[in-house]
Amino acid sequence: MAGRFASRPTRTTVRGGDVAVPGLVRSWVPGGVLDLGLVLGPLRRGPGDPTFRVDADGAVWRASLTPVGPGTLRVSAHGGEVRGEAWGPGGDWLLERLPEMLGAADDPDAFVPRHRLVAVARHRRPGLRLTRTGLVLESLIPSVLEQKVTTDEAYRAWRLLVRTFGSPAPGPVGGRMWVMPAPRAWALIPSWEWHRAGVDDKRASTILRAVRVAARLEQAGAMSAEDARARLEVVPGVGVWTSAETVQRSHGAADAVTVGDLHLPGIVGWALAGDRDADDSVMLSLLEPYAGQRHRAARLILLSGRTPARRAPKMPRGDIGKL
């Protein structure tokens, strides 16, 4: 069934054995090679992300808060077919948008490599597609948590806050996955809980401002990536870095290159021009031949593995929860 799905009992393997759980099932045949890890990987916020897990067979599980309620989605690929299974009130919504989540709205053929390194990376990763979740807050909030801190700190904050204030994911996941808090639940998190999670007042305040206008921000999911970024950046504390990181996931924005990143300009500069000290202006100049596809070009550069060696110790990890 390429475009339809129906409710029927399924038998899904989870840790601890086979558990029969009624759910929705959809099969979809992508138009080309598809790598689930590459497509859905950007949605994972660290190895301990309670909303994301990967089975030994490569199947990907996601727990999301959809406009119609929480839902759990399991996606697996066999041969040339993708199978989606979903549970919870949001199951229908997730399956309806399964193709877009797996890059059906993306057009990788529009990308023309201009550098040998990029061409080789594309050849080696033919299954790369840009995901489009249609969910804005689930990408915006963790992106705010990642502002100006180490990834370890941001991942820890996301993990603790979702486990503490989110809800157990529906379906056969047995309390091992969680759905992120609803906007009102984010708004009611006490200040000391933000502190314990290592989130400073600036980032916490940005999230609180965002969830107060959650409905307006989620409407941006139906806008163009450019218009969505403009709406997001109206929220104080959401700048160009955060809006780009958000629409890359919520909209599959092929041109939303991340500006203001600590590492990306140096990586792009080193890969394309041997300039490890490149800043944002140099990076944008080097990516100009990829106008309209700059985010895809940056992803392929990162996947190439050509990164400059470190010249300084890793940024120290802070923990304001211990203060």
Side-chain angles (χ1 to χ4, degrees), residues 7 10 12 14-16 19-24 40 43-55 59-75 84-98 101 131 133-146 154-199 203-204 206-218 221 246 249-250 321:
S7 179
T10 66
T12 303
V14 296
R15 187 177 302 172
V19 180
V21 179
L24 292 171
L40 298 178
L43 303 179
R44 186 177 197 171
R45 305 294 181 155
D49 187 346
T51 70
F52 193 109
R53 59 178 290 195
V54 180
D55 286 343
V60 176
W61 294 75
R62 293 195 66 238
S64 297
L65 182 63
T66 76
V68 293
T72 301
L73 176 68
R74 182 182 187 271
V75 185
E85 301 170 70
W87 298 265
D92 283 331
W93 193 95
L94 290 170
L95 286 180
E96 183 70 31
R97 287 154 184 80
L98 178 65
M101 187 182 299
T131 184
T133 66
L135 298 171
V136 175
L137 278 185
E138 81 164 19
S139 292
L140 173 63
I141 291 174
S143 295
V144 172
L145 293 175
E146 292 171 8
Y155 292 160
R156 174 181 177 272
W158 173 249
R159 183 173 65 250
L160 291 178
L161 291 170
V162 171
R163 284 185 175 275
T164 304
F165 299 101
S167 57
V173 285
R176 288 186 295 274
M177 293 186 69
W178 298 80
V179 177
M180 81 166 197
R184 178 169 173 77
W186 284 109
L188 294 177
I189 295 177
S191 59
W192 59 86
E193 293 291 354
W194 291 105
H195 189 83
R196 287 174 180 171
V199 182
R203 287 179 292 152
T206 299
I207 292 173
L208 293 176
R209 286 190 288 265
V211 298
R212 290 189 188 108
V213 291
R216 293 282 291 165
L217 295 184
E218 288 295 359
T246 300
R249 297 164 173 84
S250 62

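Reckoned from all heavy atoms, side chains included, excluding hydrogens, waters and symmetry mates. Quantities reported herein were computed from a predicted structural model and do not represent experimental measurements.
For the pair Thr164/Arg196, no side-chain contact is recorded, criterion being any heavy-atom separation below 4.5 Å from C-beta on. Residues Pro168 and Val179 have side chains not in contact (no heavy-atom distance under 4.5 Å, counting atoms from C-beta outward). When side chains are defined from C-beta on, Trp178 does not count as touching Val173, because their heavy atoms never get closer than 4.5 Å. Ile141 has its side chain within reach of Val211: a pair of non-hydrogen atoms, C-beta onward, lies under 4.5 Å apart. The shortest side-chain heavy-atom distance between Phe165 and Pro190 falls under the 4.5 Å cut-off. The side-chain heavy atoms of Asp92 and Val68, taken from C-beta on, include no pair separated by under 4.5 Å. In this structure the side chain of Ile207 reaches within 4.5 angstrom of the side chain of Leu145, judged on heavy atoms.
The shortest heavy-atom contact between Ala63 and Ala169 is CB-CB, 3.7 Å. In plain terms, the two heavy atoms of Ser139 and Arg249 that are nearest each other are OG-CB, 3.3 Å. Between Ala204 and Val199, the closest heavy-atom pair is N-CG1, 3.7 Å. Here the shortest heavy-atom pairing between Thr246 and Val136 reads CG2-O, 3.8 Å. Heavy-atom minimum distance, Leu137 versus Pro183: CD1-CG, 4.0 Å. Shown here for Arg74 and Ala59, the closest heavy-atom pair between the two residues is NH2-CB, 3.4 Å.
Evaluation of the side-chain hydrogen bond (donor to acceptor under 3.5 Å, both in side chains) rule for Ser64 yields Arg62, Glu138 as partners, not counting sequence neighbours. Remark: Glu146 pairs with Arg45 by the side-chain hydrogen bond (donor to acceptor under 3.5 Å, both in side chains) rule, at least two apart or across chains. With sequence neighbours left out, Ala182 forms a side-chain contact (heavy atoms from CB on, under 4.5 Å) with Leu65.
To the nearest 0.5 Å, atom CZ of residue Arg163 and atom CG of residue Asp49 are 9.5 Å apart. A distance of 12.0 Å separates CE of Met180 from CG of Leu161, quoted to the nearest 0.5 Å. Separating the CZ atom in Arg44 from the OH atom in Tyr155 is a distance of 9.5 Å, to the nearest 0.5 Å. Note: Leu135 CG to Leu140 CG = 12.0 Å, rounded to the nearest 0.5 Å. Phe52 CZ to Leu43 CG: the interatomic distance, rounded to the nearest 0.5 Å, is 6.0 Å.
Each of Leu73, Val75, Asp55 was compared with Trp61 under the side-chain contact (heavy atoms from CB on, under 4.5 Å) criterion, and only Asp55 meets it.
No more than 12 heavy-atom neighbours from other residues, nucleotides or ligands sit within 6.0 angstrom of CZ on Arg216.
A donor-acceptor pair under 3.5 Å is formed between the side chain of Thr72 and the backbone N or O of Pro170.
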